[in-house]
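For reference, the structure is listed below as structure tokens.
Side-chain atoms are counted along with the backbone in the values below, which use heavy atoms only and exclude waters and symmetry mates.
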Amino acid sequence: MQNRLIRHTYSLLNADQVQLTLTWRYKGIISPYARFYYIESGEGQLHDAQGTVKLEKGYLYLIPSYTMCDMLCTDTMSQYFVQFFEDSEIGFSMFEEIKAIVKVPASELDVQLFRRLIEINPNRGINNSYDPKTYENEAFYQYCQKLNLNQGLAEFYETQGILKQLSSRFLASKEAFAHEYNQHSKMIFEAKSYILKNLDSELSVADLAGRANQNTDYFSRQFKLQVGTRPLHYINHKRIERAQYLMATSSMNYTQIACSLGFDNLSYFSKSFKKITGLSPGAYKKQVYREAIR
């Protein structure tokens, strides 16, 4: 399992230290990338489906990708932030099992890592607005990717190392990750890998069970026990997450996205999208394409 983590890399979007005020107040933010925050001073709040998380001095925060939340500053706040995509050979997220905002105490090393990341990645702030609904768009992602491709080899490896170190702070904090690295989960890990590689294909529980040489009912029970949801529910969620990513980072239309993810028709895709995200495809696209960054 550890080899999978070694193959995991990141695409840095932004890294900066900012002074926020009462104007930092945004609702219903759902992004296809993850965020790390470190609060140097001041206070704020994050609110997700699990409740309210206080932003306070001396703590690190993780907002996993595809987690809808509200964010606000209650007075003034000095914040370090990093925004990034996760890249792996099969599409796994290191935060696969984390479904809510996570808060952990920060160490002095964590603070140094944030500062060093900003130092070796200059000019990676957000130029026009701190509102994600304003800057999230295809041009924004392409611009950030261009900066990543222009990194020197030393800066690239150091950036990857820092992001992995910061990630480890949240992996260590969640017992929910234990089964992900349990050797007894090999069957389920291979099934999830196959699903992520074949989201554009017809996927059935019977086929997945057959690949694992298991009875369909037994396989389905084991999948739910280890993943927390039935196989078909997991497949639909991963297809919709991939759709959110494509809607934000490509020029594909809804029909093209639906076809590329194995949906039989646009109507079923739209219903599935709204059921899982709470937004129609059109409403989601308005959120991430409201304005261009440049």
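Within the 4.5 Å cutoff, no side-chain heavy atoms of I39 are placed close to those of Y59. No side-chain heavy atom of Y61 sits less than 4.5 Å from a side-chain heavy atom of R35.
With sequence neighbours excluded, the residues satisfying salt bridge (Lys or Arg N to Asp or Glu O under 4.0 Å) with E40 are R115. Annotation: side-chain contact (heavy atoms from CB on, under 4.5 Å) contacts of T52 (sequence neighbours excluded): Q45, H47. Under the side-chain contact (heavy atoms from CB on, under 4.5 Å) criterion, R25 pairs with L22, L72, sequence neighbours left out. With sequence neighbours excluded, the residues forming a side-chain contact (heavy atoms from CB on, under 4.5 Å) with S201 are N198, listed by chain and number. The side-chain contact (heavy atoms from CB on, under 4.5 Å) test applied to Q145 returns S11, N148, L149, not counting sequence neighbours. With sequence neighbours excluded, no residue forms a salt bridge (Lys or Arg N to Asp or Glu O under 4.0 Å) with D200.
Under the salt bridge (charged side-chain N to carboxylate O under 4.0 Å, His left out) criterion, the residue pairs touching residues 60-80 are K27-D70, with sequence neighbours excluded. Pairs engaging residues 253-276 under the salt bridge (charged side-chain N to carboxylate O under 4.0 Å, His left out) rule: none recorded [sequence neighbours left out]. Sequence neighbours left out, not one pair with a member in residues 143-152 passes salt bridge (charged side-chain N to carboxylate O under 4.0 Å, His left out). Listed by first and then second residue, the salt bridge (charged side-chain N to carboxylate O under 4.0 Å, His left out) pairs that reach into residues 41-63 are E43-K54, E56-K103, sequence neighbours excluded.
T159 and Q151 share a donor-acceptor pair across their side chains, judged by distance under 3.5 Å alone.
F156 belongs to a hydrophobic cluster whose other members, connected by ILVMFWY side-chain contacts under 4.5 Å either directly or through intermediates, are L153, Y157.
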Only pairs under 3.5 Å count here: list side-chain donor-acceptor contacts from residues 205-216, not counting sequence neighbours, and write none if there are none.
| residue | atom | partner | partner atom | Å |
| --- | --- | --- | --- | --- |
| N215 | OD1 | D217 | N | 2.9 |
| N215 | OD1 | Y218 | N | 3.2 |

